[in-house]
J.: 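The structure that follows is given in the form of structure tokens.
Below, all heavy atoms of this structure are taken into account, side chains as well, without hydrogens, waters or symmetry copies. In listed order, ligands and their atoms are each counted from 1.
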Amino acid sequence: MSEKKRVVVLLSGNGSNLQALLDQEHHYSYQIVGVISNAPEAFGLERARQHKVAAIGLDYKNFSSRSAFDQRLAAEVGRFAPDLVVLAGYMKILSPGFVEKFTGRLINVHPSLLPEYKGLGTYSRVLADKKPRHGCTVHFVTPELDSGTHILQASMTVRPTDNEESLKQRVQAMEHRIYPLAVHLITSGRLLLKGGDVLLDDHPIDPLGYQLQENALELA
Ligand code: GRF
């Protein structure tokens, strides 16, 4: 395989998506070279250290403003010379300056079938609205929250017995498959953003993202 692409992960908490990315990197075209958290106590940093990956905690409280924090964050990310920056449960809204610096090289996974249910609390909102389907979306990041061009989207039927915890578990199980896959597709050059369209193997994909199902999370 040609040289692996360099990936930096930004997170704020548990880091189960980071774990999935680390566990699967050996058969994909990327390597996680650094993990940065805005919460120094985030368990995700511990997961990185256990994997011998550089882990940096930047305490938001030590900065006078969001832009001061994001300037430092951009400098720390830049030191890793990443090909791709991956948000994995990064719970701070990034300033437009940061996003612009990494445009086209910055992705996120969100626990809903975007454009529905942007923002927080997606599981409880989906249950309250009695939605028949739920899922997750991998998308490019733009300054507007959860609004960038879609890459992959995985969906499932909401069961009558589902509660917030079971929905979260089922959605995260899908995230742990589709996020490493999305990172691989980008870093291998198979998927790219061209003039606002996402091309996979030179073909435009569904504007909602390449569609996957809970029971079929592989590319066709
Ligand atoms: C994920 O479920 C993702 O959808 C959202 O934040 C959560 C982070 O979970 N953006 P983890 O820290 O990867 O376990």
J.: Are any of the N/O atoms in Ala88 less than 3.5 Å from those in ligand 1?
T.: no

J.: In ligand 1, which numbered atoms sit nearer than 4.0 Å to a non-hydrogen atom of Ser16?
T.: 11 (P), 12 (O), 13 (O), 14 (O)

J.: Is any side-chain heavy atom of Arg66 closer than 4.5 Å to one of Ile93?
T.: yes

J.: When you measure from the centre of the six-membered ring of Tyr60, is the NZ or CZ of Lys92 closer than 6.0 Å and no more than 45° off the axis?
T.: yes

J.: Below 4.0 Å, non-hydrogen atoms only: which portion of Met91 touches ligand 1? Side chain, backbone, both or neither.
T.: neither

J.: Output the list of atoms in ligand 1 that are nearer than 4.0 Å to some heavy atom of Glu175, sorted by atom number.
T.: 1 (C), 2 (O), 3 (C), 4 (O)

J.: What part of Gln172, side chain from CB on, backbone N/CA/C/O, both or neither, has a heavy atom under 4.0 Å from ligand 1?
T.: side chain

J.: Mark yes or no for whether Ser37, through its side chain, and Leu11, through its backbone, hold a donor-acceptor pair below 3.5 Å.
T.: yes

J.: Does the salt bridge (Lys or Arg N to Asp or Glu O under 4.0 Å) test come out yes or no for Lys131 and Glu116, once each step is laid out?
T.: CA-CA 11 Å; Lys131 285 284 182 180; Glu116 293 197 314; 3.3 Å; yes

J.: So for Gly44, does at least one of its heavy atoms come nearer than 4.0 angstrom to any atom of ligand 1?
T.: no

J.: Hey, is Val109 one of the residues with a heavy atom under 4.0 angstrom from ligand 1?
T.: yes

J.: For atom 12 (O) of ligand 1, what's the nearest protein heavy-atom neighbour? Residue, atom name and distance, please.
T.: Gly15 N, 2.8 Å

J.: Do Tyr117 and Asp129 have side chains that get closer than 4.5 Å, going by heavy atoms?
T.: yes

J.: Please report which non-hydrogen protein atom sits nearest to atom 8 (C) of ligand 1, along with the residue it belongs to and the distance in Å to one decimal place.
T.: Gly89 CA, 3.5 Å

J.: Is the shortest distance from a Lys or Arg side-chain nitrogen in Arg190 or Asp201 to a carboxylate oxygen in the other one below 4.0 Å?
T.: yes

J.: Determine, for Glu165 against Lys168, whether the closest basic-nitrogen to carboxylate-oxygen distance falls under 4.0 angstrom.
T.: no

